[in-house]
Amino acid sequence: MKKVWWKESVVYQIYPRSFQDSNGDGIGDLPGIIRRLDYLKELGVDVLWISPFYKSPGRDNGYDISDYQAIQAEFGSMEDFDRLLAEAHARGLRVVIDLVVNHTSNQHPWFIESRAHRSSPKRDYYIWRDGQNGGPPNNWGSNFSGSAWTLDEATGQYYLHTFGDFQPDLNWDNPAVREEVFRMMRWWCDKGVDGFRMDVISMISKTPDMPDGELKPGSTYGSFAPYVVNGPHVHQYLQQMNREVLSCYNLLTVGECSGLTVDQACHYANEGGTELSMAFQFEHMDLDGGESFKWNTRKIDIVELKALLTKWQKGLEGRAWNSLYWCNHDQPRIVSRMGDDSTPALREKSAKVLALCLHMMQGTPYVYQGEELGMTNAPFGELSDFRDIESINAYHELTETGVMEPARMLECLRYKSRDNARTPMQWDASPNAGFTEGTPWIMVNPNYTELNAAEQLARPDSVFHFYQELIRLRHTHEIIVYGSYDLLLPDHPQIYAYTRTLGQQKLLCVCNLTGRPAACTLPDGFADAQILACVGPQPHGTAITLGPWEGFALLHL
Ligand code: TEU
Ligand code: CA
């Protein structure tokens with residue numbers, strides 16, 4: 001297996017809008033990030049991935065870009081970005097930026113020109129089709145509810161948008177589109193950025209004939225997935241991007257790949273390096289999905305989770321590289337989703353054991369802002385507390401079509417809404433958690449008075465210091481990066497246990513992912529092993545009982 005820096009790194013994701021406000025407008029910004037670089041250095045991460053800060057109407061918080069080479073005023077200026085990059089580099093932190101090129105904003109000059117008339121030179125920058133029987137070209141539904149097609153009255157055709165109607169999909173089959181994107185990417189690379197996180201990159205190649213999608217019972221729209229996800233030319237386009245841009249620099253690239261399978265990942269993230277460094281798969285995040293997409297309050301089954309993550313660990317071994325995550329700006333908080341946030345003590349234990357379970361695996365770990373504190377879902381009340389376009393649109397669609405009762409839908413939003421990840425970073429116990437001196441754009445979780453970075457920095461046994469230790473261990477022990485993985489106790493309903501092996505070395509990680517005591521027998525050979533990390537008391541002997549949310553990692557030389 002090739003040894004490279006991005007396999008040995010830990011990435012920290014910043015959602016700029018919610019990280020640190022510097023000018024009192026209630027919105028986090030680039031100067032705010034600069035202020036907190038020392039905190040990130042203290043945590044010990046290697047790479048920062050910063051979610052979009054480009055010029056944007058902000059209807060999807062920056063994932064709707066109207067100028068790829070300008071900074072949205074509320075986030076700061078290009079000088080601020082340059083300073084952020086220099087200040088990060090001065091501290092040995094690399095900076096990965098978000099590349100959102102499946103779609104643009106409908107306010108992007110390309111789209112304004114494209115929609116101007118049918119013979120516009122930019123018409124083919126987007127995906128236009130004639131309607132059918134007085135309606136859209138097919139039955140596809142958008143990821144943000146409603147049809148995936150919107151009629152443009154002026155030219156009488158429909159444009160495709162797999163997300164919001166304000167996010168028209170680019171036509172990657174047009175070589176001019178690819179050249180524009182590659183040129184823009186080189187411009188950022190020449191500035192010195194260290195990589196790209198590529199938004200829904202698995203969706204850039206669409207099958208040219210676009211038949212109706214399968215209609216699931218109870219849904220109004222058909223699924224575009226078979227015709228859009230991992231489409232016919234996606235690997236060809238990424239290989240071209242790799243030849244013309246990526247291979248000319250020393251980058252970390254990670255594709256956000258909804259609909260990713262192990263086989264597909266072995267293309268996107270192949271060890272030969274002809275496409276991307278790694279990809280995000282979604283399968284473990286979908287384990288508590290089901291009917292009505294993700295809108296339910298079901299819990300993830302531990303036996304299923306183990307089988308699934310093991311499939312990824314073994315399936316990519318030596319062939320491609322995994323990325324490891326519990327959280328990002330689209331997911332509810334893991335401690336509320338899989339752990340127990342009902343008391344501070346249980347919250348901290350479950351946050352730590354979940355971290356341990358993930359961070360001892362093979363792949364590059366991603367820590368999402370606040371995860372290193374064990375930040376929780378927020379106590380949202382009514383619909384008006386939510387800001388996220390996906391949540392708000394889904395509420396209307398599902399309650400207005402009678403699929404969900406309003407009270408039940410609100411309950412599901414409180415559990416699963418993306419806004420749970422987007423409440424402001426909790427820095428200290430001062431008003432608004434030290435995030436802003438103004439009015440925050442979304443509610444601050446009231447638990448900040450007790451749950452905040454300042455308190456945790458001052459307390460050696462905090463979640464922060466546990467994450468710091470896991471990151472340090474990864475930097476110290478090659479086996480955590482490169483060792484091969486093997487699952488133990490596949491059918492144990494509470495314990496996630498696995499080994500890592502590198503040459504003569506063996507590591508054992510055992511985690512009780514439930515709030516009930518759990519017993520198991522350890523494999524031989526760890527009797528005099530070194531304890532790397534521990535949540536709860538140190539284990540003794542081979543027949544052990546773990547208390548609620550306890551776990552440990554042992555290293556045998
Ligand atoms: O997300 C893509 C994506 O698949 C999500 O919409 C996902 O299905 C959903 O969040 C699960 O609830 C990316 C970005 O991460 C997201 O923030 C953007 O809204 C989206 O693309 C459009 O750019
Ligand atoms: Ca601000």
Flag side-chain contact, heavy atom, 4.5 Å: L324 against T364:
no
Any side-chain donor-acceptor pair under 3.5 Å between H475 and E8?
no
Shortest non-hydrogen contact from N420 toward R333
O-NE, 3.5 Å
With D288 as reference, evaluate R298, K416, K294 under the salt bridge (charged side-chain N to carboxylate O under 4.0 Å, His left out) test and give the passing residue.
K416
Go through it in stages, so that I can follow the logic: the residues are Y15 and N61, the test is side chain to side chain donor-acceptor pair (under 3.5 Å), and I'd like the CA-CA distance, side-chain angles, deciding distance and then a yes or no.
CA-CA 9 Å; Y15 195 65; N61 292 352; 2.9 Å; yes
CG of L489 to CG of L487: how many Å apart, nearest 0.5 Å?
7.5 Å
Rounded to the nearest 0.5 angstrom, the CD-OG distance for E550 and S350 is 12.0 Å
Hey, which of Y368, W427, F435 is the one that makes ring pair (Phe, Tyr, Trp, His ring centres under 6.0 Å) with F19?
W427
Given side chain to side chain contact (heavy atoms under 4.5 Å, CB included), test L413 with F380 step by step and report yes or no.
CA-CA 9 Å; L413 287 184; F380 295 116; over 6 Å; no
Are the side chain of K41 and the backbone of R36 linked by a donor-acceptor contact shorter than 3.5 Å?
no
Test log, rule side chain to side chain donor-acceptor pair (under 3.5 Å), inputs E390 and N143:
CA-CA 8 Å; E390 180 192 61; N143 276 357; over 6 Å; no
Going by atom types only, do T297 and R408 share a side-chain donor-acceptor pair under 3.5 Å?
yes
When you compare the side chains of R337 and Q331, does any donor N or O come within less than 3.5 Å of an acceptor on the partner?
yes
Take L30 and R83, measure what side chain to side chain contact (heavy atoms under 4.5 Å, CB included) needs, and give me the verdict at the end.
CA-CA 9 Å; L30 300 178; R83 202 156 47 86; over 6 Å; no
Which atom of I71 lies closest to which atom of G76, heavy atoms considered
CG2-O, 3.5 Å
Both conditions, 6.0 Å and 45 degrees, for the charged tip of R387 above the ring of W441: are they met here?
no
Could you tell me if the side chain of D199 sits less than 4.5 Å from the side chain of R197, heavy atoms only?
yes
Could R418 and D388 be called an ion pair, given the rule that one side-chain N must be under 4.0 Å from one carboxylate O?
yes
Within the distance-only criterion (no hydrogens, no angle test), does the side chain of K306 pair as donor or acceptor with the backbone N or O of H492 below 3.5 angstrom?
yes
Check whether any side-chain heavy atom of S56 lies under 4.5 Å from a side-chain heavy atom of S105, and answer yes or no.
no
Does the gap between the ring centers of F280 and Y366 come in under 6.0 Å?
yes
Is it true that the side chains of T253 and S277 contain a donor and an acceptor less than 3.5 Å apart?
yes
Is L276 close to V254 at the side-chain level, that is, under 4.5 Å between some pair of heavy atoms?
no
Test item: side-chain donor near acceptor, T501 and K506, under 3.5 Å
yes
S18 side chain vs R422 backbone, donor-acceptor pair below 3.5 Å
yes
So how far is it from L502 CG to Y482 OH, rounded to the nearest 0.5 Å?
10.0 Å
Any donor-acceptor pair under 3.5 Å linking the side-chain atoms of N432 with those of E437?
no
Only residue of F81, Y68, F75 satisfying ring pair (Phe, Tyr, Trp, His ring centres under 6.0 Å) with F53 is F81
Grab the two heavy atoms, one from L451 and one from Q456, that are nearest each other, plus how far apart they are.
CD2-NE2, 4.0 Å
Distance from D491 atom CG to I302 atom CD1, nearest 0.5 Å?
13.0 Å
Take Q281 and L309, measure what side chain to side chain contact (heavy atoms under 4.5 Å, CB included) needs, and give me the verdict at the end.
CA-CA 10 Å; Q281 56 88 12; L309 291 179; 4.1 Å; yes
F464 ring center near F466 ring center (under 6.0 Å):
no
Any chance CD of Q505 has more than 12 other-residue heavy atoms, nucleotides or ligands included, within less than 6.0 Å?
yes
Has R94 got its NZ or CZ under 6.0 Å from the middle of the six-membered ring of W5, at an angle within 45 degrees of the ring axis?
yes
Is there side-chain contact between F163 and V200, with heavy atoms separated by less than 4.5 Å?
yes
Any chance the side chains of T310 and Y485 put a donor and an acceptor closer than 3.5 Å?
yes
Would you kindly say whether S484 and Q362 are connected by a side-chain donor-acceptor distance under 3.5 Å?
no
Quick one: closest heavy-atom pair of P16 and S51, and the distance?
CG-O, 3.3 Å
From L287 CG over to M338 CE, what is the distance, rounded to the nearest 0.5 angstrom?
9.0 Å
Using 4.0 Å as the upper bound for N to carboxylate O, is an ion pair formed by D82 and K191?
yes
Applying side chain to side chain donor-acceptor pair (under 3.5 Å), run through E371 and Y467 and close with a yes or a no.
CA-CA 9 Å; E371 181 185 341; Y467 268 85; 2.9 Å; yes
Parallel, tilted or perpendicular: rings of W326 and H284 (30°, 60°):
tilted
State whether a side-chain donor-acceptor pair under 3.5 Å links Q313 with D486.
no
In terms of side-chain heavy atoms, does T436 have a donor or acceptor partner in D21 at a distance below 3.5 Å?
yes
Pairwise side-chain contact, N445 with T376, heavy-atom cut-off 4.5 Å (strictly under):
yes
W188/Y54 aromatic ring centres below 6.0 Å:
yes
Identify whether the distance between the nearest side-chain nitrogen and carboxylate oxygen of K299 and D301 falls below 4.0 Å.
no
Derivation of the side chain to side chain contact (heavy atoms under 4.5 Å, CB included) call for R516 and Q494
CA-CA 8 Å; R516 287 161 284 123; Q494 296 174 272; 3.5 Å; yes
Would you say R17's side chain and I27's backbone share a donor-acceptor pair under 3.5 angstrom?
no
Checking E348 against W549 for the side chain to side chain donor-acceptor pair (under 3.5 Å) test, could you report, in this order, the C-alpha distance in whole Å, the side-chain angles of both residues, the deciding distance, and whether it holds?
CA-CA 9 Å; E348 292 226 327; W549 310 111; over 6 Å; no
State which residues pass side-chain hydrogen bond (donor to acceptor under 3.5 Å, both in side chains) with E372; sequence neighbours excluded, sorted by chain then number.
Y12, Y39
Once you round to the nearest 0.5 Å, how far does CG of L508 lie from CE of M360?
11.5 Å
With a 4.5 Å cut-off on side-chain heavy atoms, are I50 and I33 touching?
yes
Heavy-atom check, side chain of L513 versus side chain of V353, under 4.5 Å
yes
Tell me whether the guanidinium CZ or amine NZ of K7 lies under 6.0 angstrom from the six-membered ring centre of W321 and within 45° of its axis.
yes
